[in-house]
Amino acid sequence: MFLLRVWTFFCLSVNKCLFSFFQDANLSIHTDNPDLTPCFQNTILAWIPSIYLWTALPFYLLYLKRSKRGYIVLSMLSRFKTLFGVLLWCVSWADLFYSFHELLQSRTPPPVYFVTPLVIGITMLLATLLIQYERLRGVQSSGVLIIFWFLSVLCAVGPFRSKIVTTTAQGRVLDCRFRSATFYIYFVLLIIELILSCFKEKPPFFSPASADPNPSPELTSGFLSRLTFWWFTSFAIRGYKKPLEDKDLWSLNEDDVSKNIVQKLSREWDREKAEFVCSATAFPSPTEVLIRGKRHNRKPSFLKALLRTFGPYFLIGSFFKLIQDLLSFVNPQLLSVLISFIKNKDAPTWWGFLIAALMFTCTVLQTLIVHQHFQYCFVTGMRLRTGITGVIYRKSLVITNSAKRSSTVGEIVNLMSVDAQRFMDLVAFLNMLWSAPLQTCLALYFLWQALGPSVLAGVAVMVLLIPFNSAVAIKTRAFQVEQMQYKDSRIKLMNEILGGIKVLKLYAWEPSFSEKVLEIRKNELRVLKKSAYLNSLSNFAWTSSPFLVALTTFAVYVLVDERNTLDAEKAFVSLSLFNILKFPLAMLPQLISNIAQTSVSLKRIQQFLSHDELDPNCVERNVIAPGYAISVKNATFSWGKELKPSLKDINLLVPSGALVAVVGHVGCGKSSLLSALLGEMEKLEGEVAVKGSVAYVPQQAWIQNATLKDNILFGQAPNEQKYQNILEACALKADLEVLPGGDHTEIGEKGINLSGGQRQRVSLARAVFSSSDIYLLDDPLSAVDSHVAKHIFDQVIGPDGVLKGKTRVLVTHGIGFLPQVDHIVVLADGKISEMGSYQELLKQNKAFAEFLRNYALDENIEEDELTSTNALYEEVLLAEDTLTLLVFTISLDILQVKLTVFWQYMKAVSPVISLIICFLYCCQNAAAIGANVWLSDWTNEPVINGTQHNTSMRIGVYAALGLLQGFIVFVSSFTLAMGGINAARKLHAALLENKFHTPQSFYDTTPTGRVINRFSKDIFVIDEVIPPTILMFLGTFFVSLSTMIVIIASTPLFAVVIVPLAVLYFFVQRFYVATSRQLKRLESVSRSPIYSHFSETISGTSVIRAYQREKSFIDISDRKVDENQKCYYPSIVSNRWLGIRVEFVGNCIVLFAALFAVIGKSSLNAGLVGLSVSYALQVTLALNWMVRTTSDLETNIVAVERIKEYSETETEAPWIIEDKRPPADWPSRGELEFVNYSVRYRKGLDLVLKDLNLQVHGGEKIGIVGRTGAGKSSMTLCLFRILEAAKGEIRIDGVRISEIGLHDLRSRLTIIPQDPVLFSGTLRMNLDPFNKYSDEEVWKALELSHLKKFVSSQPSMLEFECSEGGENLSVGQRQLICLARALLRKTRILILDEATAAIDLETDDLIQMTIRTQFEDCTVLTIAHRLNTIMDYTRILVLDNGTIAEFDTPTNLIASRGIFYGMAKDAGLA
């Protein structure tokens, strides 16, 4: 009964207190010394913290229950917090007991004195228990309690002031002394608790983070530190003091690690696929079939899997966004109150200070909350990219070959780089989907309240602008797609040009290809120019839209009814609401187009993830007849279910330990047979069984970008003895001596710094080291010299090699090895035509025996051989410095970007245009300030008889100033874009020009990727990134400047605080820019290894699967992604860190603008205050973006520097020297003379040819021979002046070749190089890029090179499209095309770098025969690898160690029994 009475009293007293608060407005509001009623203080104010804590409690307990962090040992801090908590409880209940004491004394205190101490006491007890529970759950710093203590202090400040004021006024304590004393103790204890709660506890025991060598301080940072990102400050300072390195970066948080994220996403995707399979396989009723037939067949949705995995975390960010959106509308309302305050000259001054304080508090809260929202969004984006990358990588290891062929390596890598990136970019602004409509509705509601229905006019303008913006966005997107196509084709062409630059130099074809590139570039810039027009339009719309909306609204408002007067409150509050509207309206169209793009990416990723996977049970591993290692029964295989079979009716039994050779013509299915045994092909029927582990050596060696030793060990445990034996057996010892780092030499991508033979031997060594049961060897001997091939066969593969006793299946062209194998399988057109031992097949006397008899002559020397184009050239380079330059020694340009680079860019733009742009920006901002000052003046116009005069004139001037600003924006952004395009054209042209004139030595020491990067990434930055960044920088800079001008003009006192704020801003900006720039660089350096490792994996999947190394490759990929995210995560945080600090400067500007307006109230009018504060409210965003764009500009301007650096590298001699041009028919005789000729590859290296003296008469046929490294290839390079003489000279028909232009020289010689290089384009372009010859001449050349039949069988004949590198032609056909080129040019001197690799013997014979007949009267120099082709030559030149060892006819040389005799004897010709 008593409690009921208390509760009734309590409710009545609350109502009474609230009533008294508003009733006693004179006491609390309309006074210069405000105070709150005691009743309000003791109820509402005292209960606010308790209500907060009890409301938050259930959610917080749920969170604590789920967090597993270990527990924290009881520390002094924890003990003190608990002690003061208990004291607070005691103090509160002391009040309660005192009330009971009063009751007993027959003094009945009001019920509030029972209820409030009771509630506060219980709440304090709860807070104390919570402190201990948090400790046990490992919470180091509690946000919930910090807010609770802060609220408690805040709510106690009012009563505290009241008590002091009343005591000093009355000179004695009015209230009960006991209660006053307890209150003062209570207040002090609260402050102590608040201070203690700001400190964090020690890290918990058994925490997962404790094992980490460099954990992120975020995990252990306190609540306030997390809220303001203070924990990042030490990192920002470190980045400012010294260049950041990998070791400075913190480890990723456990939730952001690839392994965990991909695991979750894979689980959800598998679940989604399983649900789809269940729904697809469930038996439907007939009606369901009809309904389902109408709907599309549903595919498993990858989007659902993403939402389930990342949705919950993202929603936390959305919650913060909601709060921030609501807060953003508080300040316009406060501005309205401030303007009313300025107008009301009798208002107490403290109102103004309170409004200023509230404005500041509101902006600070907004800042803290919006950055929490962004943090959640960006981390979600980062996790999305990690997850998608990991899932795609894992899928790429299991998709079938036909699925893999449906998209190129580049396209699959794009899924990972471009499409995953799109998700990441979208997530940051995804909340705008619901936030933009919400903000728009709220803004319109408040505008309606201020201006009534006139707002609809403004809304109409907005609605009309949306389709305009959308149309511009759609058109821009179309231009972007078109431009990307041009860009792709330009990069593809550049890639081919750089790949075949040597051939272009040898043929003097650079001008033709340069023209092609410039043509594409012209189109690319044409599209860029169109985009620039559109961008200028959209900039015009973006700048003018808020103004147009304001103009129409104000105009309609004042014209509809002359009693509608425009005062400062209406005008500036409306303006600040329009400013809020600006962002969502601009973002929505962009967001929608981003969603459209991302949905395309989603489809592509989903399609890739839904591809068929290889059947792991296609090849049986266990069931097999005893004594056999491989068994294939009635099997038919194809490369894809929908393709026709490549192998038909295969029956094959391979006994354990046998050596089986597989032979047959090019394209008969030899490699396919090995792939079928590996399970790489679709088995259409039959059975395949393989017993034991498998090692595989593919035809094109697959080399990883790792050290040579790692390539051989391939994840196996090292065993030094075994390793050395294998190096010896695979003939790699000699190569290791040449390589600068021995077996620790880093091998470039795709084995760039090894010759073909070396790559193949490394691939073989890897197989041998794996100690597998079965070896599948796909023609490993074709890429090595004949003597090396013999060594490898004897030492490794043959009956006495390292692998004896193992099962070996060897695909080979080498006839010489066949007598030593156990079985031979002959394939023809995908079927096994013959099978048996060498002797059995000879007896059968079928096609194989016939083939053997034809080519038995070459038996000893047939082994195909391909040392690299110029083995010595490569080896010398390797020994020197290729490798120091090669792999990932990308220097981080650490120094601050020099001003000279900005000057270089300005010069490229043109200094005059640069000045004009700056001038236009000044004009534009002057117009904007003018319009707003005019508006301010308008609002101050007196109201006479309820109306304002000169309304039309006011509207007219306001409109003119605003539209002038819009027009200047249009002109300035267009001028800037044109200047940017002009600069882009100049810089690209200079780079291209230089790269075509750069000597070959540059390309031999620089990876192509690095040059391509200049043409792709850096040119992209100059085309599309730098101009908008400059636009943004100038925009934000001038907005910030005009804000300062306006505020100082209206309240000159503001000038005092500008200096300290500017200093704070400058420091934050310098720290951020230094750290952020380095993080971006580290991030981009660590990003490329992800993609290069991925493309490497895709090209080597068959090898990885054969050795069953999928898991370790997945781990490597995850590690590389984590390395990249380790750089990316701090850069997200650095943006938040910066945002909070810079926005704090902006918030201070708001505070001081409002404060000084309050202080100068008497001398200011409402219009000026409205103007100054509304400007201050929008400066925060400008300041924030100014720092970002400064940083972006400094990061991106480096592209100019990088392009400049490559545009100024050393060039070769001029292509044409006008006064030294040789006669038109030169060389008419074809005489060659070397006089004391010496040459070296580069300064500082040894001579490779020493004092050569020789003379070749016109029409002679000279064979050049010598061991690898003797200088054979160097001689040909000297003739073309790819290498320039160190001393001496070469004369052709008496003309010194060093005196004439390079093109005059190179276009008069012909070479058939060893590696046939083709470019993508038509066949005709590949034969005659300058269109010099008629079609008849081209057909004649094709006929003589035995290609006429093939070309005429193609539908497009001479217009037949060759794919990149001529991939759609066999190597033999490519070689014949090179022969056709030579036949077309038909010069008096022909150089032949004999190429026999991968050409079957018949093709080779055809080439030799054509050369003998067609070049009968020419001088022919042949670098011979197979001596039988040159035994009928006029003379033979034997080189040894760069000098002439022998030079005579073949007969004489054999008779003299010198070096040549030894070589001929080895080849079985002497």
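Being a predicted model, the structure only gives us computed values, none of them experimental.
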Closest approach of Leu1309 to Thr1387 (non-hydrogen atoms, all atoms of both residues): C-OG1, 3.5 Å

How long is the gap from CG on Leu1327 to CG on Leu1379, to the nearest 0.5 Å? 10.5 Å

Does some side-chain heavy atom of Trp1226 sit less than 4.5 Å from a side-chain heavy atom of Leu1305? yes

Rounded to the nearest 0.5 Å, how far does CG of Leu1254 lie from OH of Tyr1237? 12.0 Å

Output yes when a side-chain donor or acceptor of Thr1449 lies under 3.5 Å from a complementary backbone atom of Arg1435, and no otherwise. no

Between atom NZ of Lys986 and atom NZ of Lys907, what is the distance when rounded to the nearest 0.5 Å? 10.5 Å

Taking C-beta and beyond as the side chain, do Val1200 and Ile1026 meet within less than 4.5 Å on heavy atoms? yes

Looking at NE2 of His1303 and OG of Ser1307, how far apart are the two atoms once the value is rounded to the nearest 0.5 Å? 8.0 Å

For Phe1319 and Gly500, work out which heavy atoms get closest and say how close. CZ-O, 4.0 Å

Dump the intermediate steps for side chain to side chain contact (heavy atoms under 4.5 Å, CB included) on Met1275 and Leu1421, then the final yes or no. CA-CA 10 Å; Met1275 261 189 85; Leu1421 304 181; 5.6 Å; no

Ignoring hydrogens and geometry, is there a side-chain-to-backbone donor-acceptor pair from Arg1388 to Asp1417 under 3.5 Å? yes

Let me see the working for Arg490 and His988 under side chain to side chain contact (heavy atoms under 4.5 Å, CB included), right down to the final yes or no. CA-CA 12 Å; Arg490 177 171 61 82; His988 176 269; 3.6 Å; yes

Taking every heavy atom of Asp1293 against every heavy atom of Gly1230, the minimum-distance pair comes out as OD1-N, 3.0 Å

A side-chain contact here means heavy atoms from C-beta on lying under 4.5 Å apart; do Ile1391 and Phe1280 qualify? yes

Criterion side chain to side chain contact (heavy atoms under 4.5 Å, CB included) on Asn1253 and Asn1236, from CA distance to verdict: CA-CA 5 Å; Asn1253 280 293; Asn1236 293 332; 2.9 Å; yes

Would you say Trp903 and Pro911 make side-chain contact, with heavy atoms under 4.5 Å? yes

Any donor-acceptor pair under 3.5 Å from Asp1328 side chain to Tyr1333 backbone: yes

For a quick test of your reading: what N or O donor-acceptor pairs under 3.5 Å do the side chains of residues 1207-1214 make, sequence neighbours left out?
| unit_1 | atom_1 | unit_2 | atom_2 | d |
| --- | --- | --- | --- | --- |
| Ser1207 | OG | Ile1203 | O | 2.6 |
| Thr1209 | OG1 | Asn994 | OD1 | 2.7 |
| Thr1209 | OG1 | Lys995 | NZ | 2.9 |
| Glu1212 | OE2 | Lys505 | NZ | 3.0 |

Would you call Arg521 and Glu524 a salt bridge, using N to O less than 4.0 angstrom? yes

Validation row: Phe513, Met1325 side chains within 4.5 angstrom (heavy atoms): yes

Nearest-0.5 Å distance that lies between atom CZ in Phe1020 and atom CD1 in Ile491: 11.5 Å

Between Asp1304 and Arg1308, which heavy-atom pair has the shortest distance, and what is it? O-CG, 2.8 Å

Between Tyr1206 and Thr998, is a side chain to side chain contact (heavy atoms under 4.5 Å, CB included) present by the stated rule, with each step listed? CA-CA 10 Å; Tyr1206 269 33; Thr998 302; over 6 Å; no

Non-hydrogen side-chain atoms of Glu1299 and Ile1217 separated by less than 4.5 Å: no

Nearest heavy-atom approach of Ile520 to Tyr486 is CG2-O, 3.3 Å

Any side-chain to backbone donor/acceptor pair from Lys1261 onto Cys1418? Under 3.5 Å, distance only. yes

Under 3.5 Å, is there a donor-acceptor pair between the Ser512 and Glu515 side chains? no

Measuring from Ile1292:CD1 to Ile1300:CD1, what's the distance to the nearest 0.5 Å? 7.0 Å

So does Arg1281 get a backbone contact from the side chain of Arg1306, meaning a donor-acceptor N/O pair under 3.5 Å? yes

Can a donor-acceptor pair be found, under 3.5 Å and without considering hydrogens, that links the side chain of Thr1419 to the backbone of Gly1258? no

Work out which heavy atom in Asn1326 is nearest to a heavy atom in Trp509; give both atom names and the distance. O-CH2, 3.1 Å

Are any of the side-chain heavy atoms of Asp1335 and Arg1324 separated by less than 4.5 Å? yes

Side chain to side chain, Arg1014 and Arg1202, heavy atoms closer than 4.5 Å: yes

Lys516/Glu519 under salt bridge (Lys or Arg N to Asp or Glu O under 4.0 Å): CA gap, chis, key distance, verdict: CA-CA 5 Å; Lys516 281 178 146 189; Glu519 183 58 35; over 6 Å; no

